[in-house]
Amino acid sequence: MAGLYLHIPFCKQACHYCDFHFSTSLGLKSQLVEAIVREVALRRDYLRVDTVLETIYFGGGTPSLLTAGELDQIFAAIHRHFAVAPQAEITLEANPDDLSAAKLQELRAASVNRLSIGLQSFYEPHLRMMNRAHTAEESTTAVRRAQDAGFENLSIDLIYGVPAPGHHIWEADLANAFALGVSHVSAYALTIEPGTAFGHRLQKGTFKAAPDEFVATQFEMLLAAMRAHGYEQYEISNFCQPGRESRHNGNYWRGVPYLGLGPSAHSYDGHNRQFTLANNPQYVAAVLERGEVPVTIDALSAVDRANEYLLTTLRTARGCDLAHLRTHLGLDLLATRAGYLAELQANGWARLQHEVLTLTDAGKLLADHITLELFTTD
């Protein structure tokens, strides 16, 4: 299974927590779409010649800002240069305020069969705090409208750990999410990144992040509520009804090769990573004027590949296969880190069964720390 990711770097306005590459100026949008179409042709040989695309993912930015004509241009280029599986998962990230009935019909006509809707919250003051472009009412309306339009494979994004006097807002957000009956939920802790509006306000002392204990409690509430409503946690931040996990993102965590198109997109061929320049004008000029894709190649060493496998698999319900790590990636944790593995189990942070290491709920709260501790530098 191989995947195709397309980065659409445009937004109506800047969310105060976001550090992804995007622009709120849409002046270059048509040229950038033209450049992505050209990049499809330029990079058709990045994946194996006989590759069949099993997943296509439009991320951003806000891909729901693309017009029907722009989507048609991109899909025509993809089908011209790649074989696409008949049952391919084709996901498009969307903001609620873009999802009119007419827009949803355009997306269905364009062969999009999965929507990832960035709700973030159903609580109006939190949406305003985060500088979201939609209202709390639009959060619910957009999902209902998508369901009415025939989209069965729906994911919503939620953010927890937003500073608040207590947990009642998060409880209400979860209740509203379950009432919608969507098949997939991605829930992320609010992270204050340098360079974002929240990051600048934190430096100035005009914004205060929620305490770690507050965030941890809301994560535990999330896990309990998801289980109670029949959702499976297949990755630390991702929950789904049985059989409805994101195939595209699942491939990332399993180390499957994929091609990323557009400025700031990443690609992975199984051995090395590539990073496309995160600058819209320079990307457009390089692709359209010079026929070049401005990429930086990151050649992964054996140590890099072993650490990446640890990083991605420990976040998943499948866990980290220590036998695979030893046999294929040259890292024998059972021999070199037996003491720490025993400590993880004794503290109730991990389970080790049949050479597969999985994190417990308590361990998931410490996932980043545990992963760094297991990383090798040799």
Side-chain angles (χ1 to χ4, degrees), residues 3 19 160-161 186-194 211-213 215-220 222-223 226-227 232-240 245-246 248-258 266-275 297-378:
D19 69 341
Y160 62 93
S186 296
Y188 304 100
L190 178 64
T191 304
I192 312 302
E193 301 288 354
D212 290 345
E213 296 80 5
V215 179
T217 296
Q218 293 203 341
F219 180 69
E220 291 166 347
L222 171 69
L223 298 189
M226 286 292 169
R227 286 199 185 100
E232 300 171 351
Q233 186 188 25
Y234 68 99
E235 194 269 348
I236 285 180
S237 300
N238 288 275
F239 305 80
C240 67
E245 70 178 65
S246 166
H248 185 85
N249 289 337
N251 285 347
Y252 287 157
W253 302 319
R254 286 189 284 273
V256 176
Y258 61 91
H266 296 181
S267 302
Y268 177 61
D269 64 3
H271 301 284
N272 300 311
R273 296 201 177 277
Q274 291 189 5
F275 308 89
I297 298 175
D298 182 13
L300 299 179
S301 66
V303 168
D304 291 333
R305 289 195 292 273
N307 286 341
E308 284 203 1
Y309 182 79
L310 267 170
L311 176 68
T312 55
T313 57
L314 265 183
R315 293 183 60 88
T316 68
R318 290 184 175 90
C320 180
D321 184 341
L322 300 188
H324 177 88
L325 192 61
R326 178 180 64 250
T327 304
H328 298 281
L329 298 170
L331 179 58
D332 189 351
L333 289 182
L334 290 172
T336 62
R337 301 307 308 277
Y340 186 63
L341 294 176
E343 180 184 334
L344 290 177
Q345 296 172 84
N347 288 332
W349 296 336
R351 299 185 187 91
L352 180 58
Q353 296 177 315
H354 308 295
E355 295 196 49
V356 175
L357 184 69
T358 55
L359 298 180
T360 62
D361 286 354
K364 290 168 188 172
L365 286 166
L366 303 169
D368 291 343
H369 170 79
I370 291 170
T371 302
L372 287 172
E373 182 67 27
L374 288 171
F375 272 1
T376 181
T377 55
D378 298 333

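- By the side chain to side chain donor-acceptor pair (under 3.5 Å) test, Glu308 pairs with Arg273, sequence neighbours left out.
- When the shell of 6.0 Å around CD1 of Ile297 is examined, it contains 12 or fewer heavy atoms from other residues, nucleotides or ligands.
- With contacts defined as side-chain heavy-atom distances shorter than 4.5 Å, the pair Leu325/Thr313 does not qualify.
- Using a 4.5 Å cut-off on side-chain heavy atoms (C-beta onward), Tyr234 and Thr316 make no contact.
- Counting all heavy atoms, side chain and backbone alike, Phe219 lies closest to Asp361 at CE2-O, 4.4 Å.
- What you find for Ala189 and Val215 is that their closest heavy atoms are CB-CG1, 3.9 Å.
- Side-chain contact check for Gln233 versus Leu223: some heavy-atom pair is nearer than 4.5 Å.
- For the pair Tyr309/Leu331, no side-chain contact is recorded, criterion being any heavy-atom separation below 4.5 Å from C-beta on.
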Go through the steps to decide whether Asp304 and Ser301 satisfy the test side chain to side chain donor-acceptor pair (under 3.5 Å), and finish with yes or no. CA-CA 5 Å; Asp304 291 333; Ser301 66; 3.2 Å; yes

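- Atom-to-atom distance recorded for Asp368:CG and Ile236:CD1 is 7.5 Å, nearest 0.5 angstrom.
- How far CG of Asp298 is from OH of Tyr268: 11.0 Å, rounded to the nearest 0.5 Å.
- Note that CG of Leu352 and CG of Leu334 are 6.0 Å apart. Values are rounded to the nearest 0.5 Å.
- Atom CG of Asn272 and atom OG of Ser267 lie 11.5 Å apart (nearest 0.5 Å).
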Test Thr358 against Gln353 for side-chain contact (heavy atoms from CB on, under 4.5 Å), laying out the working first. CA-CA 8 Å; Thr358 55; Gln353 296 177 315; 5.8 Å; no

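- You'll find the side chain of Asn307 reaches within 4.5 Å of the side chain of Thr376, heavy atoms only.
- Within the structure, side-chain hydrogen bond (donor to acceptor under 3.5 Å, both in side chains) contacts touching residues 318-342 (residues at least two apart or in different chains) are Arg326-Glu355, Arg337-Glu373.
- Here SG of Cys320 is found 5.0 Å from CG of Leu314. Values are rounded to the nearest 0.5 Å.
- The nearest pair of heavy atoms linking Thr360 to Ala350 is CG2-N, 3.8 Å.
- Here the side chains of Leu374 and Leu341 are in contact, with some heavy-atom distance below 4.5 Å.
- The heavy-atom pair separating Ala362 from Gly348 by the smallest distance is CB-O, 3.9 Å.
- Annotation: side chain of Leu365 is not in contact with side chain of Trp349 (no heavy-atom distance under 4.5 Å).
- Looking at Thr377, its side chain never comes within 3.5 Å of a backbone N or O of Phe375 through a donor-acceptor pair.
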Dump the intermediate steps for side-chain contact (heavy atoms from CB on, under 4.5 Å) on Arg315 and Ser237, then the final yes or no. CA-CA 9 Å; Arg315 293 183 60 88; Ser237 300; 3.4 Å; yes

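- Remark: Tyr252 engages His248, Tyr258 in a ring-ring contact (aromatic ring centres under 6.0 Å, His included) (not counting sequence neighbours).
- Taking CZ from Arg351 and CD from Gln345, the interatomic distance works out to 10.5 Å, rounded to the nearest 0.5 Å.
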